[in-house]
Each structure stands twice: as C-alpha cells, then as structure tokens.
Amino acid sequence: MSNRAKELKNRRDASFIAFCAVLALSPLLAWGFFTFPMNDDFSHARWDASWAGLHQQFSDFHAGLSGLYTSMFLRYVHGVFTHMRCYWMVPFCVVLGHWLVAIWALARVSGQRVSGWSVASYALVWPAFYVCTMPSTSETLYWATGAIAYEPGNLLFACLVIVTADVLLGEKQRLSAGLSLIANGIVILLCGTHYVHIFSCVVYCLFLWLLSSLRTRQCEWRLFGILLTACVSASIALSAPGNFARQASSVGGAAVMPLRSLSIAGFSCLLFVARIITSLPVLLFMGMICRFVGKDRRRSRPQMLTEWAFLLMWSVAIYSVFALSAMARIDPPPMRTQNSLYFHSLFILVWLLCCLPRQAWNSIGLSDGERWARACVLVLFLTPNWITAVRELGGSAAQYRRQWTNRCRIVAEAKSEGQMDVEIPALAIRPLTVCPGEFLGADTSCWVNIAAARYFEVDSVRAVKQTGNGAE
C-alpha cells in the first residue's frame with residue numbers, strides 16, 4: 001500500500017472514530033438545551049457584575065463557606081452567564097475542555113507520527129468515554145455549580161501532568177525554568193478548586209519530587225518549589241474560616257470515632273473501585289492498556305517499582321477523600337465527588353499507558369490504536385448514561401423544560417400584579433439524566449428559597465407540590 005493510500009485510510013478511520021464519538025456525545029449535549037438553574041446556581045446568579053462585587057463575594061465566601069478561591073471566581077463568572085440565560089453552555093464547556101486537554105496530551109505522546117486531524121479525532125474518544133461512563137451526569141455535566149467545583153480541577157490536574165510529563169516518564173531529570181513557572185501557576189489554581197484536587201495535587205507533587213530526587217541522587221529544587229507551592233496553596237484553602245470539609249468533619253464527630261470512620265471509608269472505597277472496574281467500557285479500556293503494556297519487553301525493575309509506587313500513592317489520595325467524607329458522616333461521598341474520583345481512577349489507567357517508553361510507543365502501530373479506539377467508542381452506545389439520555393430525551397425532556405418556563409411565567413405574572421411573595425410549583429418531572437434533586441421547597445427561610453427569591457427579584461419564593469385539586 002502506497003503512502004498516499006495509507007494516509008487516506010488513516011484519515012478515513014479517524015473520521016469514523018470522530019463520527020462515533022460525536023454521535024455518542026450528541027444526546028448528552030442536546031440535554032443542555034433543556035436544563036435550567038437549580039439549588040446553588042441561584043446563589044450566584046444575581047451577583048454584582050463589577051470588581052467591587054467580585055471582591056465582596058470573595059470576602060463573603062472566605063468567611064462563610066470555603067477558601068476555594070478558583071471555584072469562587074468561576075462561580076462568579078458563571079453567574080453572569082446564568083443571568084443571561086446561557087445555562088446550556090455548561091455541558092458544552094465541560095466536553096470542550098476535556099477534548100482540548102486530550103488533544104494536547106495525545107499530541108505530546110504521538111509526536112510527529114500522527115496528523116493533526118487524526119489527533120483531534122482520536123482525542124474525541126476521551127470526553128465521550130468520560131461523559132458516557134461517569135457515575136452521575138446530573139451532578140456534574142448539567143448542574144453548573146457541580147461542574148464549576150470539580151471539572152476545572154480535573155482539567156488543571158491533567159494539564160499539570162502534561163507539563164511535567166517529561167520528568168514523570170524519565171525522559172528528563174528536571175523541568176526547565178519556563179515549565180516550572182507554568183507548573184507553579186497550575187498548582188496555585190488547582191488547589192483553589194476543591195479538596196479532592198488538593199489531595200491529588202499534593203500527592204502528585206510529592207511523588208514527582210521524590211521520583212526525580214531518587215533518580216538523580218540529589219534534590220531537584222524546582223520540583224521541590226512546586227511541592228512547596230502546593231502545600232502553601234492547600235493550607236490557604238483548607239485554613240479558611242468557613243472551609244466546608246474541615247467544619248463538616250468537626251461537626252460529624254470524627255474525633256470521637258476515628259477508627260469507625262476510617263473503616264467505613266475503606267469499605268466504601270473498595271465498593272467504588274469494584275463498581276468501576278466491573279463496567280464493560282472500563283474493562284475494555286483496561287484490556288487495551290494490558291495489550292499495549294505487554295508490547296514493552298524492556299520494562300526494568302526500577303520502572304515497575306515506580307509504577308507501583310505511583311499507584312500506591314494515588315490510592316492513598318483517593319482513600320483520603322472517602323475518609324474525609326466518612327468523618328463528616330457523608331458516606332459514600334456525593335455523586336459529583338465520585339465523578340471526580342472516577343476521573344482520577346481513569347487517570348491511573350492512563351498512567352500505565354503513558355509509562356511506556358518511546359521505543360514501545362513506536363512499536364504500537366496506528367492500526368492497533370485505531371482498533372482499540374473504535375472498540376472503546378462503539379461500546380459507549382451500550383452504557384447506561386447514553387441509553388438513559390436517549391430514552392429520556394425522547395420522553396420527558398420537553399416536559400422537564402416546560403416546568404421552568406411555567407415557573408418564569410408565574411413569577412412574571414405575580415410581579416406584574418405587584419405580588420412579591422410568589423408560590424411556584426415544585427418539580428413533578430425529574431429526569432435521571434439531568435436532575436440531581438431539588439432543594440427548593442415550601443420553607444421560605446431556607447437558603448435555597450432565599451437565593452431563588454434574589455434570582456427572581458421578589459421578596460420570597462416557595463415551591464409546593466401540585467395535586468389534581470391545586471397546591472398540596
């Protein structure tokens with residue numbers, strides 16, 4: 001086969017992969033046009049869109065909620081878009097972010113062997129795989145607050161790994177000054193997203209510094225500086241007066257029953273891992289990794305010990321999240337937290353693939369990669385997330401959206417008549433794909449009701465269940 005024919009075949013195969021990935025993402029992205037603000041989203045939808053308003057929100061959140069400065073800023077920015085009725089952007093931004101990061105990672109791994117079109121096409125498999133197999137789409141993909149709290153941390157962590165990949169894989173013993181500066185900036189932002197990412201960031205930076213120091217038999221000061229930046233940033237976030245994780249742990253009585261909490265966390269963590277590795281797409285993904293890793297016949301003992309050390313440290317980071325949740329008597333962790341842990345678990349599998357040296361990567365033909373990518377993307381059509389999204393999209397999507405338009409109409413009519421205490425119907429239809437559960441109820445003193453009243457610009461809002469004879 002001539003080079004021209006091979007190029008056409010590779011482009012055709014990449015186009016098929018891209019088509020299947022887009023087809024897998026289409027129903028999940030289409031649901032974005034049927035979603036609307038919920039729960040915490042109301043809290044930041046009417047913020048003062050000025051620098052003074054931004055400063056005030058930072059002050060209020062630091063004192064009353066948490067020190068997660070990156071999430072605060074992103075929530076503030078998204079509040080402006082929520083006010084502009086651009087809520088549909090949430091799933092598109094999540095998918096776009098993962099696609100761009102996957103392009104960057106795949107381009108670094110493949111080098112010059114794969115064309116730009118093929119890289120972009122194969123990279124679509126990652127967001128499709130992640131979205132279609134995550135534990136819960138409703139609490140991350142369609143709920144803006146959940147997406148803002150977790151997904152930026154996932155993407156920033158992936159960027160940190162890509163920036164430090166040369167040291168991680170042993171191709172270089174130290175970072176350049178420019179990459180070190182970029183890594184420090186990423187670490188600062190990463191530690192301001194969520195405590196899940198704080199643990200992961202500190203563990204990764206510690207592992208990277210220890211790995212480089214053991215290889216060179218001396219302290220690598222730039223990596224030590226990154227570790228120090230991670231520790232300082234984590235301290236700033238976790239020491240905030242209103243840090244939720246610390247307050248929840250103290251209220252939950254962790255100091256009274258630490259052993260019980262740790263045991264519960266261990267059991268929940270094992271169940272979480274078992275549920276992940278027994279799903280068909282992940283099993284297929286693991287099979288692909290074992291197949292590629294098996295091609296590397298030059299795996300040295302230090303390399304294998306490095307891989308196992310990384311897996312052990314990473315398991316400690318994931319277990320720490322379960323332990324903190326158990327101490328706060330939130331067991332298992334919320335589904336949005338499990339989504340982020342699932343991302344990190346997939347990263348462990350990707351790490352095994354990235355551990356392959358250049359020689360092993362050169363022995364993996366494009367046909368092997370294309371074959372496994374095709375299998376991974378085709379199995380997505382059998383995942384519960386995709387099947388449920390398609391089924392509900394053709395059934396309850398329009399009715400679910402109509403509930404929001406009906407609420408807006410009721411509030412507008414009440415305001416036009418001078419009524420500032422508004423009663424709206426509670427959600428009767430709650431699709432599993434997009435609805436994480438509604439906190440808005442009949443108690444007008446609840447924080448969600450107060451935030452919703454501010455969003456609708458009325459004095460109070462209460463949501464009541466509707467029966468055949470009217471409000472319940």
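Bear in mind that the values here come from a model prediction, so they are computed numbers and not experimental data.
Inter-residue side-chain proximity for V422 and I424 is flagged as met; some heavy-atom pair is nearer than 4.5 Å. Using a 4.5 Å cut-off on side-chain heavy atoms (C-beta onward), T145 and N39 make no contact. Residues P91 and L28 are not in side-chain contact: their nearest non-hydrogen atoms beyond the backbone lie 4.5 Å or more apart. F42 places none of its side-chain heavy atoms less than 4.5 Å from the side chain of R454. Side-chain atoms of D443 and R462, non-hydrogen and from C-beta on, never get closer than 4.5 Å to each other. Within the 4.5 Å cutoff, the side chain of Y455 has no heavy atoms near those of the V461 side chain. Residues L432 and S138 have side chains not in contact (no heavy-atom distance under 4.5 Å, counting atoms from C-beta outward). Side-chain atoms of N406 and P425, non-hydrogen and from C-beta on, do get closer than 4.5 Å to each other.
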- Report the C-alpha separation of T337 and Y150 in whole Å, then their side-chain angles, then the decisive distance to 0.1 Å, and conclude whether the side chain to side chain donor-acceptor pair (under 3.5 Å) test is met. CA-CA 8 Å; T337 303; Y150 291 89; 2.7 Å; yes

Run V458 and D421 through side chain to side chain contact (heavy atoms under 4.5 Å, CB included) and show every step you take. CA-CA 7 Å; V458 295; D421 297 313; over 6 Å; no

Review point. Passes side chain to side chain donor-acceptor pair (under 3.5 Å), Y400 versus T35? Steps please.
Key: CA-CA 8 Å; Y400 180 70; T35 56; over 6 Å; no

Please lay out, stage by stage, how N184 and T229 fare under the test side chain to side chain donor-acceptor pair (under 3.5 Å). CA-CA 7 Å; N184 277 284; T229 300; 2.6 Å; yes

Could you go through L427 and W404, starting from their C-alpha distance and side-chain angles, then the distance that decides it, and tell me whether this counts as side chain to side chain contact (heavy atoms under 4.5 Å, CB included)? CA-CA 9 Å; L427 293 181; W404 173 250; over 6 Å; no

query = So F34 and V434, side chain to side chain contact (heavy atoms under 4.5 Å, CB included) or not? Walk me through it.
reply = CA-CA 9 Å; F34 297 93; V434 296; over 6 Å; no

Does the side chain to side chain contact (heavy atoms under 4.5 Å, CB included) test come out yes or no for S200 and Y204, once each step is laid out? CA-CA 6 Å; S200 301; Y204 178 74; over 6 Å; no

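Nearest heavy-atom pair across Y342 and F272 is N-CZ, 3.6 Å. Closest of all the heavy-atom pairs between C132 and L380 is CB-CD2, 4.0 Å. Residues C435 and M38 come closest through the heavy atom pair SG-CE, 4.0 Å. Smallest separation of non-hydrogen atoms from A107 and V119: N-CG1, 4.1 Å. Across V187 and A230, no two heavy atoms sit closer than the pair CG1-CA, 3.4 Å. Heavy atoms only, all atoms of each residue included: V125 and I17 are closest at CG2-CG2, 3.4 Å.
For the atom pair CD1 of I387 and OG1 of T433, the computed distance is 11.0 Å after rounding to the nearest 0.5 Å. Here M335 contributes atom CE and E139 contributes atom CD; the two are 7.0 Å apart, rounded to the nearest 0.5 Å. Distance check, rounded to the nearest 0.5 Å: CD1 of I429 to CZ of R401 gives 14.0 Å. Separating the OH atom in Y130 from the CG atom in N385 is a distance of 11.0 Å, to the nearest 0.5 Å. If you take CH2 on W386 and CG on L393, they are separated by 10.5 Å, rounding to the nearest 0.5 Å. Of the inter-residue distances, the one linking F322 atom CZ with S268 atom OG reads 6.5 Å to the nearest 0.5 angstrom.
F157 and H344 have perpendicular rings, their planes meeting at more than 60° on a 0 to 90° scale where under 30° would count as parallel. A perpendicular orientation is assigned to the rings of Y142 and W31, their planes being inclined by more than 60° (bins at 30° and 60°).
For the 3.5 Å distance criterion, the side chains of N339 and S136 fail to qualify, holding no donor opposite an acceptor.
Of the possible polar contacts, one joining the T70 side chain to the L189 backbone as a donor-acceptor pair under 3.5 Å is found. Counting only distance, with no hydrogens or angles, the side chain of Q338 and the backbone of P135 share no donor-acceptor pair below 3.5 Å. In this structure a side-chain-to-backbone donor-acceptor pair under 3.5 Å is missing from T193 to P152.
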List the atom pairs, with distances to 0.1 Å, where a side-chain N or O of residues 94-106 and a protein N or O form a donor-acceptor pair under 3.5 Å, not counting sequence neighbours.
residue: H98; atom: ND1; partner: W126; partner atom: NE1; Å: 3.3
residue: H98; atom: NE2; partner: E151; partner atom: OE1; Å: 2.6
residue: W99; atom: NE1; partner: A120; partner atom: O; Å: 2.9

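Residues forming a salt bridge (Lys or Arg N to Asp or Glu O under 4.0 Å) with R402 (at least two apart in sequence, or on another chain): none.
The neighbour count for F19 CZ, taken as heavy atoms of other residues, nucleotides or ligands under 6.0 Å away, does not exceed 12.
Under the 4.0 Å criterion applied to side-chain N and carboxylate O atoms, E438 and R407 are assigned as salt-bridge partners.
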